[in-house]
*Asks:* 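Dropping a structure here in structure tokens format, bear with me for questions.
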Amino acid sequence: MSGNMPIDSDSQLAVYADLVSLYPENIAYLQKYAELLLEAGQATTGTEHLRRLHALLISRGEPSKANALATKYPQIGRISASGGDETFLDMLPKDTFGKVWLLMNREKIDEGRPLFRQGEQGDSMYLLLDGELAVCMTGQNGKTVLLNLIRPGDVVGEGCLLDPGPRSADVVANKKSHVVKLPRKKILALMGENSGLLSALQRKSDLRNMCGLLSTHPLLQNVPLDMRQFMARETKTARYPAKQLIHKAGEELQAVDMLIDGKAAFMLRVQNTGKVIEYLQVGELVGDTSALRHATCPADVVALSDVLMAHIPYSAFKNVVEAYPPLKEKLLGHAEQQRTRFMKKVSEMSGDKR
């Protein structure tokens, strides 16, 4: 009977502390010890051992396991790797463009010179043969924000190929570069024959657009580029019809939301009537303080028209906050400003009611 009795948590901790001391690079022992520490409320020590485990997995060439660990335990402040973006040349059927054609049609862009500027009309994309291109745009405070770095073999301007119109960002050469303007008709014909190519290019465009939306927010634009790209990869979008309740007051939030398009508002229910506390601005975040502490929605969030929202998973957003401490200070200030505005508005409503 005694052999079947469960071992108490303190005994387990002692056993695994000894095992980790004897076998410091044993993955199973290290993870179990870290989890026991977290269960025992020893968050700081447990987190440090999780960070050791993450570094060990990376050093052993197991990035997928390291990424899974970073997702499960966002407090370790590690950003999951993308696994390497597929270049446009990787997507194309072999011999679509010959070396001679590429050589004859290439254009040189000197360092610091633009390929195109935000707002210019466009209907084509460019293939980078060598060098490096920086994709930039202006944030809400007028600061230039880096959105992407284009490497040889990849394309830029794909958004205007798929949907002709104004360019959404500046593209400037970081160093002397050579590009080729790809024939629009040929690329569209290839996509018509190969739905996989169209889907892959659309995913690339959507990811870059999402990174742009996140990057222009004043709270996020100073976050390192790889972290903004990580958030963009994890983000999903959802549409809500007019009058739909998006979040209920007091609801525990599972994601940080950003309004992309449409009209929405924080609302307070007074005598069965919804009263607007504050309108949401396009690009505004909802639930960002959940990355700092347990947080619930301060008021109903309601769609006033058809709305498109981006949902950044809580774990991904918290990972970035842990990995980039300056963001935490900005979020604290933002939360205090929002709380002050809400209290003032609610007080005004209470006065009107009397």
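FYI, side chains are in, hydrogens and waters are out, and symmetry mates aren't considered; it's all heavy atoms of this structure.
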*Asks:* If you measure only the distance, is there a donor-acceptor pair under 3.5 Å linking the side chains of Tyr73 and Glu322?
*Replies:*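 Checked: Tyr73/Glu322 side chains show no N/O donor-acceptor pair below 3.5 Å.
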*Asks:* Can you tell which of Arg151, His178, Lys175 makes a side chain to side chain donor-acceptor pair (under 3.5 Å) with Asp130?
*Replies:*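 Only one of Arg151, His178, Lys175 forms a side chain to side chain donor-acceptor pair (under 3.5 Å) with Asp130, namely His178.
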*Asks:* Looking at CZ of Phe317 and CG of Leu327, how far apart are the two atoms once the value is rounded to the nearest 0.5 Å?
*Replies:*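 These two atoms lie 5.5 Å from each other.
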*Asks:* If every non-hydrogen atom of Ile150 is compared with every non-hydrogen atom of Leu128, which pair is closest and at what distance?
*Replies:*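 Closest approach of Ile150 to Leu128, heavy atoms only: O-CD2, 3.1 Å.
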*Asks:* Is there a path from Val171 to Met137 through hydrophobic residues (I, L, V, M, F, W, Y) whose side chains come within less than 4.5 Å of each other?
*Replies:*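 The answer is yes; both residues are in one hydrophobic cluster.
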*Asks:* When you compare the side chain of Gln254 with that of His311, does any pair of heavy atoms fall below 4.5 Å?
*Replies:*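 With C-beta onward as the side chain, the pair stays apart.
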*Asks:* Would you check if Tyr126 and Ser177 make a side-chain contact, meaning some heavy-atom pair closer than 4.5 Å?
*Replies:*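 No, side chains not in contact.
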*Asks:* Would you please classify the geometry between the Tyr29 ring and the Tyr23 ring as parallel, tilted or perpendicular, with 30° and 60° separating the classes?
*Replies:*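 If you compare the ring of Tyr23 with that of Tyr29, the planes turn out tilted.
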*Asks:* Test side chain to side chain contact (heavy atoms under 4.5 Å, CB included) on Val301 and Asp257 and set out the steps.
*Replies:* CA-CA 11 Å; Val301 178; Asp257 296 343; over 6 Å; no
*Asks:* Mind checking whether Asn26 and Val20 have side chains closer than 4.5 Å, heavy atoms only?
*Replies:*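 Not in contact.
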*Asks:* Taking all atoms of both residues into account, what is the closest heavy-atom pair of Thr216 and Thr138, and its distance?
*Replies:*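 Closest heavy-atom pair between Thr216 and Thr138: CG2-O, 4.2 Å.
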*Asks:* Compare every heavy atom of Leu146 with every heavy atom of Arg228, then report the nearest pair and how far apart it is.
*Replies:*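 Taking every non-hydrogen atom into account, NH1-O, 2.6 Å.
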*Asks:* Got Thr47 and Arg51 here, is their nearest side-chain heavy-atom distance under 4.5 Å?
*Replies:*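 The answer is yes; the side chains approach within 4.5 Å.
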*Asks:* Would you find more than 12 non-hydrogen atoms of other residues, nucleotides or ligands less than 6.0 Å from Arg113 atom CZ?
*Replies:*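 For Arg113, atom CZ is not crowded (no more than 12 foreign heavy atoms under 6.0 Å).
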*Asks:* Less than 4.5 Å apart, side chain to side chain, heavy atoms only: is that true for Lys330 and Asn222?
*Replies:*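 Counting from C-beta outward, Lys330 and Asn222 do come under 4.5 Å.
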